Amino acid sequence: MEEEKVQTATLACRPEAWFERLPLVSQAFLARHHRPLVTVSYAQSVDGSIATRNREPLRLSSHASMVLTHRIRAACDAIVIGINTLLADNPLLTVRLVEGSSPQPIVLDSHLRIPLHARLLERTDRHCWLACTDQHESQRVGAVQGRGAQVIRCRHDRRDMVELPDLLRQLGERGIRSIMVEGGGRVITSFIEARLVDQMIITIAPRLVGGLPVLDRPATGNGSLLRFDPVVYQACGPDMILWAQPQWQDA
Ligand SMILES: NC(=O)c1ccc[n+]([C@@H]2O[C@H](COP(=O)([O-])OP(=O)(O)OC[C@H]3O[C@@H](n4cnc5c(N)ncnc54)[C@H](OP(=O)(O)O)[C@@H]3O)[C@@H](O)[C@H]2O)c1
């Protein structure tokens with residue numbers, strides 16, 4: 001991302017000022033890397049919780065931060081969540097708080113566990129894409145396709161889940177230039193572990209929760225560290241927004 005790098009700075013200005021300069025979609029990136037640009041964006045409490053321990057949804061972001069989140073959604077070609085987030089939150093993943101079109105919703109759902117009454121399957125503006133592994137019953141494929149979903153068959157990784165490099169390659173072939181990974185923790189952890197994160201935009205809400213941590217396992221690999229450089233901090237209503245590019249340092 002060198003040609004698109006945003007300078008390190010602590011900007012005492014409205015979020016719009018630095019947001020406008022963020023690379024969120026790039027045809028050049030797709031052409032060069034044969035995969036979309038990946039922006040991981042989620043909300044956490046100060047102690048790093050993204051939900052309750054029982055995976056019940058938690059409203060962490062202020063209205064101002066939610067507006068920013070919807071702007072990121074509107075700027076990306078697609079939005080990715082894990083099946084557990086769908087089961088917990090039953091989200092629509094639309095853009096409602098700002099002008100702009102909603103990104104293509106994609107659910108990582110290796111075994112096509114999505115309930116046929118999920119709200120994402122009710123949408124008529126954009127039919128959901130379900131990324132699954134190649135081991136599943138064709139009857140289930142027919143059922144979700146009957147609800148309008150498109151199935152993207154991917155290779156499976158060592159955990160029997162969707163192999164992310166294969167998924168991103170296929171998304172690139174479909175012309176998806178950028179994705180916003182909204183969660184939850186397992187999906188974010190997998191993207192970090194695979195080193196497939198180009199930037200992170202984290203809303204930090206001034207709350208202590210003691211809930212579900214964002215990383216569900218050490219994700220940086222044996223002895224290696226993930227640090228952020230460059231990094232920008234920005235107040236947004238009562239919240240802090242952290243924008244950063246991850247750098248992996250091998251021990
Ligand atoms: N605060 C926030 O910003 C925020 C945002 C989103 C979600 N959340 C919260 O996060 C919680 C859910 O998080 P979670 O960690 O339990 O689950 P998750 O990340 O939403 O979904 C994980 C599931 O996705 C499927 N998956 C398929 N391929 C995968 C891959 N390569 N890597 C990882 N997962 C893959 C797996 O299920 P299969 O094996 O069945 O495919 C896996 O168990 C909910 O409580 C939700 O409210 C919070």
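Just so you know, these numbers use all the heavy atoms, side chains as well, and skip hydrogens, waters and symmetry mates. Atoms within a ligand are numbered from 1 in the order they appear, just like the ligands themselves. These numbers come from a predicted model, not from an experiment.
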Nearest-neighbour protein heavy atom for [atom], which is reported as residue plus atom name and distance:
{"atom": "atom 48 (C) of ligand 1", "value": "Ile50 O, 3.3 Å"}
{"atom": "atom 32 (N) of ligand 1", "value": "Ser190 OG, 2.7 Å"}
{"atom": "atom 16 (O) of ligand 1", "value": "Arg55 NE, 2.4 Å"}
{"atom": "atom 17 (O) of ligand 1", "value": "Asn84 CB, 3.0 Å"}
{"atom": "atom 3 (O) of ligand 1", "value": "Ala43 N, 2.8 Å"}
{"atom": "atom 43 (O) of ligand 1", "value": "Arg186 NH1, 3.4 Å"}
{"atom": "atom 42 (C) of ligand 1", "value": "Met161 SD, 3.7 Å"}
{"atom": "atom 39 (O) of ligand 1", "value": "Ser110 OG, 3.5 Å"}

Next item on the list: Examine ligand 1 and decide if any of its atoms is less than 4.0 Å from a heavy atom belonging to Asp89.
Entry: yes

The one among [options] that brings a heavy atom closest to [atom]:
{"atom": "atom 40 (O) of ligand 1", "options": "Arg53, Arg159, Glu182, Arg113", "value": "Arg113"}
{"atom": "atom 9 (C) of ligand 1", "options": "Gly185, Ser45, Ala51", "value": "Ala51"}
{"atom": "atom 7 (C) of ligand 1", "options": "Val162, Asp216, Thr85", "value": "Thr85"}

Notebook entry, point to check: Under a single-linkage definition using a 4.5 Å side-chain heavy-atom cutoff for Ile, Leu, Val, Met, Phe, Trp and Tyr, are Leu196 and Val40 assigned to the same hydrophobic cluster?
Noted result: yes

Notebook entry, point to check: So, Thr203 and Asp239: side-chain donor and acceptor under 3.5 Å apart, yes or no?
Noted result: no

Next item on the list: Could you verify whether a donor N or O on one side chain and an acceptor N or O on the other, from Thr52 and Asn54, lie under 3.5 Å apart?
Entry: no

